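Let me begin by presenting the structure, written as structure tokens, before commenting on it.
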Number of protein chains: 2
Amino acid sequence: MRGFAEMQRPQTVAEQVANVLREAIADGSLAAGTALRQDDLALRFGFSRMPIRDALRQLDAEGIVQIHPTKGAHVASMDATEIREIFALRDLLESEALSLSIPTLGDDKLDEAAEVLARIDAEPDVARWGVLNRTFHLALYSACGNARLLSLIEAHHNAADRYVRMLLSSLDYRGVSQAEHRDLLAACRKRDAAEAVSVLKKHLSDGMETLAKAGMLRKG
Amino acid sequence: MRGFAEMQRPQTVAEQVANVLREAIADGSLAAGTALRQDDLALRFGFSRMPIRDALRQLDAEGIVQIHPTKGAHVASMDATEIREIFALRDLLESEALSLSIPTLGDDKLDEAAEVLARIDAEPDVARWGVLNRTFHLALYSACGNARLLSLIEAHHNAADRYVRMLLSSLDYRGVSQAEHRDLLAACRKRDAAEAVSVLKKHLSDGMETLAKAGMLRKG
DNA sequence: TCTCGTATACTCGTATACGAGATTTCTGTA
DNA sequence: TACAGAAATCTCGTATACGAGTATACGAGA
């Protein structure tokens, strides 16, 4: 993944379409299970089917949509076990990244994370909490020294984004979440990796539990 | 990743092309950095560029090739840090999978793994060791109860396959590797998760070290 | 001889077109 | 009325075509 691929890449239509679709799926305007017809999308976006196909394949690779040959693409619908799997992986990956990151984590990153927390408090638009949430977490992991680990974490955030947003749209959970975020940040400031990891694990399991209570883990 | 995608899928041309290319890259006949021209491949495979494009995009998602708009696709070349990152992730992911799997791992899977080891001993064709190696490992993890974790592990095996094959083509490392495999299997038979994980970690770090000694971790 | 500009060739991204398979709808019969 | 079979429609996979951007090669000028 290094080398020539690092230069600035021309943005292709397919990438732009993928970005728009990813956001639409994350914010719920494209519900789970929705069929993504190539012709429809091509018409709607004003391009031909080819870049749409590329975008769909990209999202398929990210796990956000499922493609079946001759049957087309659908917005991936996760059932309870899949969400549990994703949260289990997040626990594993993010715990590792956090404990790797803390020893060399600079104050600038911590300040950045703090600022994101403030922005979450101030942000009225629910749709923006998802990205801010992700930004906060990734800032804390940024010094982990393993780029591949970071992109894996980001991918799982993307995959679970829809469900996290459901969580965040509940106002009281948002308070809990923010409190845990501040605990996490405090532990990081103390450079106490063990405590930070335990706070993170609690944060994730609280999220799972809230999802379960809300009954979101029953239906596909 | 569940649902309708699980039914039997018609095999599309793109998938077949992707499989052939993946194997060619893994066995070294397509060296790292090689440019993959869509026209060339289309001509060689006897199809148009469209399914080739799909295949390349698929492999790009797997991290095996890099695609740059207007510059085309190249076989991904990993430098030392990337290989280290992959092995670090394998350590993390496979240790977790193994310790999750062992408590419920059935004897049938253990026998299966043992049989794969025998086949590795008997197999004269170097090109086949890579898949057998992967099959062995995945058999031990198969009861981990997290399908996503398993496919993540498989993806990382694929990404590192080329380098693992370099390792395996060295006869004396192959001996070390097989010995470690048998230790691992023995620990699993005892259902001793802690020991199994420690053997696995040693197995992986030995592999890394052998790669480093062979100087494969210097150049991109 | 070296450097820079231009022209040519190459490669990719995207558009359009066609055929195959699947799904739906319609029709005829039990 | 319910069901089976056939026709029509829909959707995708693949092929071909075109335009744009990039790299390369060649020639002119310093």
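In the text below, chain A, chain B and the rest are named by the order of the sequence lines, each starting its count at 1. Since this is a predicted model, take the numbers as computed values, not measurements. The figures here come from the full heavy-atom set of this structure, side chains too, leaving out hydrogens, waters and symmetry mates.
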For [X] and [N], what is the distance between atoms [atom1] and [atom2] respectively, to the nearest whole Å?
X	N	atom1	atom2	value
A/Ile52	D/dG13	CD1	P	14 Å
A/His74	C/dT23	NE2	P	10 Å
A/Leu43	D/dC12	CG	P	13 Å
B/Lys71	C/dC10	NZ	C1'	15 Å
A/Ile67	D/dC12	CD1	C1'	11 Å

Legend entry - Consecutive Watson-Crick or G-U pairs in runs of at least 3, all under 3.5 Å, in which DNA chain D is involved: C:1-30 with D:1-30
Inset, instruction - Could you check which residues of residues 33-42 of chain B get a heavy atom under 4.0 Å from DNA chain C? Sort them by number, please. - result: B/Leu36, B/Arg37, B/Gln38
Inset, instruction - State whether the number of non-hydrogen atoms from other residues, nucleotides or ligands found under 6.0 Å of B/Arg174 atom CZ is greater than 12. - result: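 Atom CZ in B/Arg174 is packed in, count exceeds 12.
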Legend entry - Aromatic B/Phe87 / basic B/Arg90 pairing, under 6.0 angstrom, 45° off normal: yes
Inset, instruction - Please tell me if the side chains of B/Leu184 and B/Phe136 come closer than 4.5 Å, counting only heavy atoms from C-beta onward. - result: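 Answer yes - side chains close enough.
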Between the main-chain N or O of [Y] and the side-chain N or O of [X], is there a donor-acceptor pair closer than 3.5 Å?
X	Y	answer
A/Ser77	A/Ala32	no
B/Ser29	B/Ala24	yes
B/Ser95	B/Asp91	yes
A/Thr34	A/Val75	no

Exercise answer: donor-acceptor pairs, residues 109-120 of chain B side-chain atoms, under 3.5 Å, sequence neighbours excluded:
{"unit_1": "B/Asp111", "atom_1": "OD1", "unit_2": "B/Arg189", "atom_2": "NH2", "d": "3.2"}

Legend entry - Contacts of type ring pair (Phe, Tyr, Trp, His ring centres under 6.0 Å), residue A/His203, not counting sequence neighbours: A/His137, A/His181
Inset, instruction - Mind listing the residues from residues 18-25 of chain A sitting with a heavy atom below 4.0 Å of DNA chain D? Number order is fine. - result: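 The stretch gives none, as no residue of it lies under 4.0 Å from the strand.
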Legend entry - salt_bridge(A/Asp27, A/Arg165) N-O dist < 4.0 Å: no
Legend entry - Carboxylate-amine/guanidinium contact A/Arg22 A/Asp161, below 4.0 Å: no
Legend entry - Given B/Ile64, B/Val17, B/Ile67, the one that forms side-chain contact (heavy atoms from CB on, under 4.5 Å) with B/Leu56: B/Ile67
Under 3.5 Å, which N/O atoms of the protein pair with N/O atoms of nucleotides 14-17 of chain C?
{"unit_1": "C/dT14", "atom_1": "OP1", "unit_2": "A/Val13", "atom_2": "N", "d": "2.7"}
{"unit_1": "C/dA15", "atom_1": "OP2", "unit_2": "A/Ser48", "atom_2": "N", "d": "2.6"}
{"unit_1": "C/dA15", "atom_1": "OP2", "unit_2": "A/Ser48", "atom_2": "OG", "d": "2.5"}

Inset, instruction - Return yes if a side-chain donor-acceptor contact under 3.5 Å exists between B/Asp121 and B/Gln178, otherwise no. - result: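 Yes, because at least one side-chain N or O of B/Asp121 sits under 3.5 Å from a partner of the opposite role on B/Gln178.
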